[in-house]
Number of protein chains: 2
Amino acid sequence: MTASNDQDAALRIASGRKPFVEPLRLGERLKEIRLANEWTLGDVSERTGLARSTLSKIENDQISPTFTAVQKLISGLDIDLPQLLTQPRTKTRTMGRRDLTRRGEGQQHPTPTYEHELLSCELAQKRMIPFKTIVRARRFEEFSEWVRHDGEEFLMILEGEIQLFSEFYEPLHLARGDSIYFDSDMGHALVSVGEEDAVVLSVCTPRDGH
Amino acid sequence: MTASNDQDAALRIASGRKPFVEPLRLGERLKEIRLANEWTLGDVSERTGLARSTLSKIENDQISPTFTAVQKLISGLDIDLPQLLTQPRTKTRTMGRRDLTRRGEGQQHPTPTYEHELLSCELAQKRMIPFKTIVRARRFEEFSEWVRHDGEEFLMILEGEIQLFSEFYEPLHLARGDSIYFDSDMGHALVSVGEEDAVVLSVCTPRDGH
DNA sequence: AAACCCAGTTTCCGATAGTGAATTCCGATG
DNA sequence: CATCGGAATTCACTATCGGAAACTGGGTTT
């Protein structure tokens, strides 16, 4: 859960991930979008400033458009690149995944300071990672270093009281029902301050952000 | 909160959103990535199969690379397009945003069936939207149609008991502490079934997913 | 200082993307 | 069936991209 602090981390590339080029039927996608809007090549030509002939060739994979052409497309049709490159969500990954976690039946993940219980861990490819945490730590000193991970985190106190330490702010006292949202690459650490150990519901964004 | 059911919705384009082309300093980005990895143009040439000269020209915006060239880049350097097009997060938007919401002090948003309380609504550009909901509905019939919105949703029962109706599953009974994660474009509806009105913590992914 | 090396740039030319005009395609109409 | 009209494709030409090689600038060696 502790991530590298290196400034260039986001730029440097981990070697060797996916060896092959994705097929990327760009022309096909363009045609889908055009037809879905009931546009003719002429319409699209007006909107984008690209010639009808060019558009036709792109749709039929007869040429590989220049990047400027792609820009004209995305700005003219008012779409963004992801939309052009990937199948529309509704086709590929829609529809009704579901993952129930009954109270206390998440996947336990104990550490010295926190006892995490991962919720909804049956589901892969989530855009949020929810878990319930019992905060065992009683003193800030029990943390060897800041907890830190890319993305954003939301948490709400379910039971007890905590002190939220963070890198750029004064410690904050949070009681049951209080909630907070923060950029989780800012160092943070939770400490129980009530009678019993505090219980916290957290939701994080996943590693890469999408 | 109720979204269109239209199959083509994801393809059809809402007219006029951002009128201008984003600058998209592609060459600049490429150079950043190359330097961050301490690669020479020769190195990148070997990895991607593009000539040194070509790479130089791309970096200096002297040519607009063909889309096939871009593909060679992303596969050779093992990055993905979003990475090539957008500044790395760590530079642009990092660092320590925070938004505290004390119990009961979120932004109220009542509907006939639900009473929503938006949490952390000071913060724009979130990747998650948390809110607490009091479920007033007592019968499924009180919903005129399915609640439905793009993205994913996580929810946990804080108080009371609910029945979760959903488009593709049998109704599910959820008690305090139970949680569920689901694709929220699947129609869904919550009904209180306990003595008191149920209270639910929900977190949704935002509109576009990024 | 001349010779050399290395990374990056520029030049030149063949290949190919982009354009307007001409052609083909196809459903609707008389 | 001929033909008309709009839409898509093909054609012929120009602009531009992509690659090999020559050039430039800075540092090191002899």
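Chain letters run A, B, ... following the sequence lines, proteins first and then strands; every chain starts at 1. Worth saying up front: this structure is predicted, and the values here are computed from it rather than measured.
Two rings, from A/W146 and A/F140, have their centers less than 6.0 Å apart.
With sequence neighbours excluded, the residues satisfying side chain to side chain contact (heavy atoms under 4.5 Å, CB included) with A/S64 are B/T66, B/F67, B/T68. With sequence neighbours left out, B/E59 forms a salt bridge (Lys or Arg N to Asp or Glu O under 4.0 Å) with B/R34.
Atom CD of A/Q71 and atom C1' of C/dG18 are 16 Å apart (whole Å).
With B/I157 as reference, B/I162 is the one residue of B/I162, B/V135, B/L201 to meet the side chain to side chain contact (heavy atoms under 4.5 Å, CB included) rule.
For the residue pair A/T133 and A/H116, a side-chain donor N or O sits within less than 3.5 Å of a side-chain acceptor on the partner.
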Nucleotide by nucleotide, nucleotides 8-21 of chain D touches protein heavy atoms under 4.0 Å in the pattern (B base, S sugar-phosphate only, - none) SBBBB----SBBBB
